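The structure under discussion appears below in the form of structure tokens.
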Amino acid sequence: MKSAVETLNPTRVRLTVEVPFEELKDSLDAAYKKINQQVTVKGFRKGKIPARVIDQRFGRGAVLEEAVNDALPKFYTEAINEAELNPLGQPEVDITELKDGETLNFTAEVDIRPVIEIPDYSGIEVTVDAVEVSDEDVEKSVEQLRERFASTSPVERAAEDGDVVTIDLTAKVDGEVLEDGVAEGVSYTIGSGELLEGIDEAVKGLEAGGEATFTSELKGGSAEGKEAEVTVKVTQVAARELPALDDDFAQLASEFDTLDELKADSRKRLENMKQYDQATQAQERVLDELLKLAEVPIPEKLLADEIQTRKHNLEHHQLGQMGIDLAKYLEIQGKTEEEFTAETEEQAVKGIKTQFILDELVNKEKLNVNQEELTEHLMRRAASSGMSPDQFAQAVVEGGQVPMLVGEVARGKALAVVVEAAKVTDTNGEIVDLDDAEDEAAETVEAAGDAEPAEAEAAEKTEA
């Protein structure tokens with residue numbers, strides 16, 4: 001077999017392949033065997049029909065077509081490997097010449113990973129937020145914990161902000177009570193914003209037994225989005241009582257004996273959270289600077305597939321779980337469809353660039369992923385997905401997504417190499433130490449918009 005490569009552009013090539021006819025022998029034998037199992041000829045047992053009879057009865061062309069379809073993927077793969085190309089997606093194959101007993105010639109156009117020069121990233125400098133925890137931050141954290149231990153007790157007075165009221169609701173549209181527009185015994189904290197717009201104003205000032213009517217747009221149900229006349233009746237008013245901030249509360253709400261110990265722990269937790277946020281911010285900004293330095297051609301087909309994948313995931317997974325469609329989502333976001341498409345394309349381009357550059361860096365630095373690193377990343381991904389590690393691992397294996405996770409970890413290690421070489425200072429001018437930020441880097445790469453879904457799908461098509 002002979003093959004030649006013509007570069008059409010930095011991300012697409014045309015292979016020209018010439019195959020001597022004798023190299024089709026195995027595929028021709030397989031074609032006759034397959035046809036033998038599918039047809040019946042009087043006077044011959046099934047599977048025992050001679051090749052000449054098949055040629056006479058069904059045509060040599062049918063055999064050649066079957067043989068060529070069987071052989072093309074093998075010859076294409078050989079040509080790709082010989083040229084040391086990294087194809088993306090399914091090739092467009094054109095048989096240019098097929099002479100029985102002489103030759104098979106074909107061309108194959110396919111997108112490839114572009115050759116990328118890793119830029120000198122040693123001079124990257126970024127500034128991140130300083131890790132600062134104020135007394136007010138600590139007080140707010142302790143107050144939030146205090147809110148979780150609040151109790152309620154019925155009171156005989158008008159409802160006020162912060163009270164918990166028990167209410168009955170009836171919703172009418174065009175004067176008719178909706179089938180799903182009646183609810184009884186609903187518990188609602190005034191000011192929480194968890195129910196209908198306008199309900200706070202309606203119930204404030206009402207005592208048990210009082211009722212009011214207001215107009216509001218329904219957030220769900222059969223008449224979602226429509227204006228409804230809502231009647232609310234208060235059946236009970238209860239005041240929320242917060243526990244005293246003392247050592248007894250610390251013992252109730254934590255493993256600590258004193259309030260001072262609880263506050264010190266809250267401060268430490270907030271510092272850890274801000275350090276994590278700082279590391280993530282540093283990685284995101286270093287990655288942005290790296291992307292600015294590198295020239296990365298984007299394959300058109302891969303970009304189109306990635307945009308489609310992102311839109312499909314948003315519409316059929318994220319928004320589906322929220323119970324809204326794309327039009328409603330755009331309305332909530334205050335965006336036009338054109339703005340949404342432009343943003344999606346921008347994110348897709350960033351994701352593909354990120355993958356290409358970091359993959360090249362993985363190869364250049366010869367970075368490997370060991371089992372421990374993969375397991376740690378899998379457990380973090382499982383936690384973020386709300387699944388147990390075992391459930392997530394099973395889903396990953398069954399979905400053939402293990403290479404994707406390995407890629408995320410490897411790219412995270414590559415990004416960590418760049419971050420380590422960069423100069424990172426905080427807003428106070430202090431140098432930030434990010435030596436142990438490798439774990440977060442994998443998540444930063446993932447959040448940047450990994451191009452893996454579309455490319456994985458394309459790879460599957462190529463193998464098929």
Side-chain angles (χ1 to χ4, degrees), residues 7 9-13 84-89 110-128 279-307 309-310 343-369 373-374 377 401 403-424 434-435 437-459:
T7 300
N9 62 49
T11 64
R12 194 167 179 84
V13 297
E84 297 182 345
L85 299 174
N86 292 311
L88 301 172
V110 67
D111 286 334
I112 58 168
R113 274 179 175 258
V115 176
I116 299 171
E117 291 293 329
I118 298 297
D120 179 8
Y121 50 79
S122 60
I124 291 178
E125 297 184 12
V126 297
T127 302
V128 295
T280 301
Q281 188 180 67
Q283 290 151 6
E284 290 172 348
R285 293 183 178 180
V286 168
L287 177 59
D288 287 341
E289 292 302 312
L290 178 64
L291 295 180
K292 290 177 185 176
L293 293 175
E295 290 290 333
V296 184
I298 304 295
E300 293 182 8
K301 181 65 166 58
L302 180 62
L303 177 59
D305 287 345
E306 179 64 11
I307 292 172
T309 297
R310 289 169 181 269
E343 286 182 10
T344 302
E345 180 173 348
E346 182 180 347
Q347 292 164 359
V349 167
K350 181 178 181 181
I352 295 172
K353 282 187 174 182
T354 297
Q355 179 176 340
F356 282 176
I357 293 175
L358 295 183
D359 281 349
E360 187 65 30
L361 193 55
V362 167
N363 294 330
K364 180 181 178 182
E365 298 292 336
K366 296 180 172 56
L367 302 175
N368 296 311
V369 177
E373 292 167 335
L374 180 60
H377 183 59
Q401 298 298 301
M404 182 188 75
L405 289 188
V406 172
E408 288 174 356
V409 178
R411 291 180 204 112
K413 296 179 76 168
L415 178 57
V417 169
V418 182
V419 173
E420 186 177 353
K423 181 180 179 181
V424 182
L434 295 170
D435 288 344
E438 196 172 280
D439 293 344
E440 292 89 342
E443 298 175 22
T444 300
V445 171
E446 181 193 350
D450 207 331
E452 189 76 28
E455 186 169 342
E457 182 179 350

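Keep in mind that this is a model prediction, so the values were computed, not measured.
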_Nearest-0.5 Å distance, CD1 of residue I298 to CD of residue E306_ = 10.5 Å

_To the closest 0.5 Å, what do you measure between OG1 (T354) and CG (L287)?_
4.5 Å

_Do V110 and I112 make a side-chain contact, defined as non-hydrogen atoms from C-beta onward lying under 4.5 Å apart?_
yes

*Pairwise distance CG(L293) to CD(E117) - rounded to 0.5 angstrom*: 13.5 Å

*Out of curiosity, K364 NZ to L358 CG, how far, rounded to the nearest 0.5 Å?*
13.0 Å

_Which atom of V126 lies closest to which atom of A282, heavy atoms considered_ = CG2-O, 4.4 Å

*Which atoms form the tightest heavy-atom contact between K350 and L291, and what is the distance?*
CG-CD1, 3.7 Å

*Looking only at heavy atoms, which two atoms of I116 and E360 are closest? And how far apart?*
O-CG, 3.8 Å

*asked:* Looking at every heavy atom in both A348 and R310, which two are closest together, and how far apart are they?
replied: CA-NE, 3.5 Å

*Residues K413, E365; criterion salt bridge (charged side-chain N to carboxylate O under 4.0 Å, His left out); working and verdict*: CA-CA 10 Å; K413 296 179 76 168; E365 298 292 336; over 6 Å; no

*Could you check if a side-chain atom of K301 sits within less than 4.5 angstrom of a side-chain atom of L88, using non-hydrogen atoms only?*
no

*Heavy-atom closest pair, residues I357 and A294*: CD1-CB, 3.5 Å

_Distance-minimising heavy-atom pair for V362 and A410_ = CG2-O, 3.4 Å

*Spatial distance of atom CD (E125) from atom CZ (R285) [nearest 0.5 Å]*: 14.0 Å

*Using the side-chain contact (heavy atoms from CB on, under 4.5 Å) rule, take V286 and Y121 through it: C-alpha gap first, then chi angles, then the decisive distance, then the call.*
CA-CA 9 Å; V286 168; Y121 50 79; over 6 Å; no

*Interatomic distance, L302 atom CG to D111 atom CG [nearest 0.5 angstrom]*: 7.5 Å

_Test item: D359 and R113 side chains (from C-beta on) under 4.5 Å apart, heavy atoms_ = yes

